[in-house]
Amino acid sequence: MNSNGPVELPLYALFLLLGGLGGLWLLSALTVGRQARRSAAAGDESERDWSVPTLDSEGRGTSPFHRWDLRIKIVSLFLFILCLSGLSQLQTASLALIVGFGSIAVARLPLRRSLRRISAMAAFLGMFLVVMPLTAPVKAGDTVIVFEHLHWLTFNVRGFHLAVVISVKACAIALLVEPLIATAPFSSSVQAMARLGLPETICQMLLLAHRYIYVFQHEAQRMHRGMRVRGFRKRFDLETLRILGNFLGMLLVRSFERTQRVHDAMLCRGYDGRLMWTTAFRATGMDWVKGVSLVAGGIGLLVLDRFWF
Amino acid sequence: MHISDGVLPTPVTLAGFAASFAIAAWSVRKTDPDQLPKVAVVTSAFFVASLIHVPMGPTSVHLLLPGLVGILLGNAAFISITLGIVLQSFLFQFGGITAIGANAFMMGAPALTAGWVFRLLKGATLGRHMVAAAFAGGGCVVLAVSILAALLYAGGEDFLGVAKIAILAHLPVIGIESAVAAFTVSFLYKVKPDLLGLDAIPPSP
């Protein structure tokens, strides 16, 4: 490709590009909308505010990820993810993406949950994909595309490449999060983190906070339903914010009162600052083989990334 | 807005973890051990509250609420926000696993500041409380967005454009957050004023 001077494209190419992007957006909006309609049992559009997925619904299984010793699984997958986040080439990032899809298949997890994670990042990554090509400073050797009649609109291919690499890496890592967290009961994962040196108080707080999300979600849902019955509709005005402020205040008052009752109940059951851990850990040779090979693979990818391409 | 995986350079990722770990340890030490389980339970309430979407023109934004966390929890705010960030990352992929340190610092440090500012300004009347809350809630977002922009810019000058857009996108959020913080504090002032005292959570009998 000629890297000297901008490549000029006719104006209709820009319209084609915009049309294609618009089509993609429409398609994804339609899919997400259909999914939302299918999942919203009540058919109430405002209920989407309160949907919190279950973290470990696939916690029991017999895949290599499920049978892996949790401590080794967490450490090696985290190190692998850290290696992936340091990649800078499209080739190695794509390899990582394949590894991500492979792990989902090996762990026999539903792909839908991972796609949901990717769609959660869509807005953030979309910002990179749109903004970076237009704003990355042009350096010597960069290929720049301009459109006729619109010479102020410069599309830097290097910036686009950078944004694509970031997005591919982010998707690859997001795919690995499900095998990391969803392949064991959450309490066991937290216990493994405690055994790995995370302070026990923090682990307890993590478990408690996770547990009570679902309680307060239920509470907030009930309050919100009551507000709707009384005619509240969210609008773009100060009154909506005032009502939401009152709603939040009420939620907080109730939650602070509940924490007191929860704490009293814990004390009644003999809570003395420690939790009873129930999972026993036993690492076998196979666990170590999996862990070491995964970390070696991660380092290998990094080396490939730096010295090969 | 939460930073996803793969954006930050490795040194920034590691520095984020180090900074957040240090401040979280400080935050835990500054909090009465008996109160920590309660902080965890309140964290879930804030987590649920942050799922609320506020309409903004044709689109909608979700509440962030770091200012309110700071106002209500004081020094414990940082550990609360860190837990929230970890759970958001685990549950939704809002913010990447490798960016947990950076994201916790980005939201937690402004929350601590907001708590201090609120305590300085709140005075004794309802009006003063609301002004202080609006200032703390809005200022908190300003601080958080500045840290976000700085973290993005740490990736090199290629990221300058993205950092600018991120700041622009948050300008309306500043208004929404300061209004919601003021209204929430006004509600609490009338309904349960002891929550706004120095000891957000009353000690166990």
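Values reported hereafter were calculated over all heavy atoms of this structure, with side chains retained and with hydrogens, waters and symmetry mates removed. Order of the sequence lines sets the chain letters (A, B, ...), proteins ahead of strands, with each chain counted from 1.
Side-chain atoms of A/Phe216 and A/Arg258, non-hydrogen and from C-beta on, do get closer than 4.5 Å to each other.
Neither the backbone nor the side chain of B/Tyr189 comes within contact range of chain A; no heavy atom of the residue lies under 4.5 Å from a heavy atom of that chain. Contact of A/Ile202 with chain B is made through backbone and side chain together, with heavy-atom distances under 4.5 Å. Within the 4.5 angstrom heavy-atom criterion, no atom of B/His62 approaches chain A. Of the two parts of B/Ser4, the backbone and the side chain both hold a non-hydrogen atom closer than 4.5 Å to a non-hydrogen atom of chain A. For B/Ala45, the parts lying near chain A are the backbone and the side chain together; criterion is any non-hydrogen pair under 4.5 Å. A/Glu257 touches chain B through its side chain: at least one heavy atom from C-beta onward sits under 4.5 Å away, while N, CA, C and O do not.
Closest approach of B/Gly95 and B/Asn103 over heavy atoms only: CA-ND2, 3.6 Å.
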>> Test ring pair (Phe, Tyr, Trp, His ring centres under 6.0 Å) on B/Phe187 and B/Phe183; report intermediate values, then the result.
In response: CA-CA 6 Å; B/Phe187 180 88; B/Phe183 288 132; over 10 Å; no

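Chosen from A/His210, A/Met132, A/Lys169, the residue pairing most often with chain B at heavy-atom distances under 4.5 Å is A/Met132. Contact count versus chain A (heavy atoms, under 4.5 Å) is highest, among B/Val180, B/Leu188, B/Val7, for B/Val7. When the candidates B/Pro55, B/Gly161, B/Pro9, B/Ser186 are compared by the number of heavy-atom contacts under 4.5 Å with chain A, B/Pro55 comes out ahead. Note on B/Val191, B/Thr98, B/Val162, B/Thr10: by heavy-atom pairs under 4.5 Å with chain A, the leading option is B/Val162.
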Scan the side chains in residues 68-88 of chain B for donor-acceptor partners under 3.5 Å anywhere in the protein, sequence neighbours excluded, and list what turns up.
residue: B/Ser80; atom: OG; partner: B/Thr43; partner atom: OG1; Å: 2.9
residue: B/Thr82; atom: OG1; partner: B/Phe78; partner atom: O; Å: 2.8

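Of the residues A/Arg233, A/Lys234, A/Arg235, the one that meets the salt bridge (Lys or Arg N to Asp or Glu O under 4.0 Å) test with A/Asp237 is A/Arg235.
From A/Asp305, atom CG reaches atom OG of A/Ser88 across 4.0 Å, with rounding to the nearest 0.5 Å.
Partners of B/Phe21 according to the ring-ring contact (aromatic ring centres under 6.0 Å, His included) rule, which considers only residues two or more places apart in sequence or in another chain, do not exist here.
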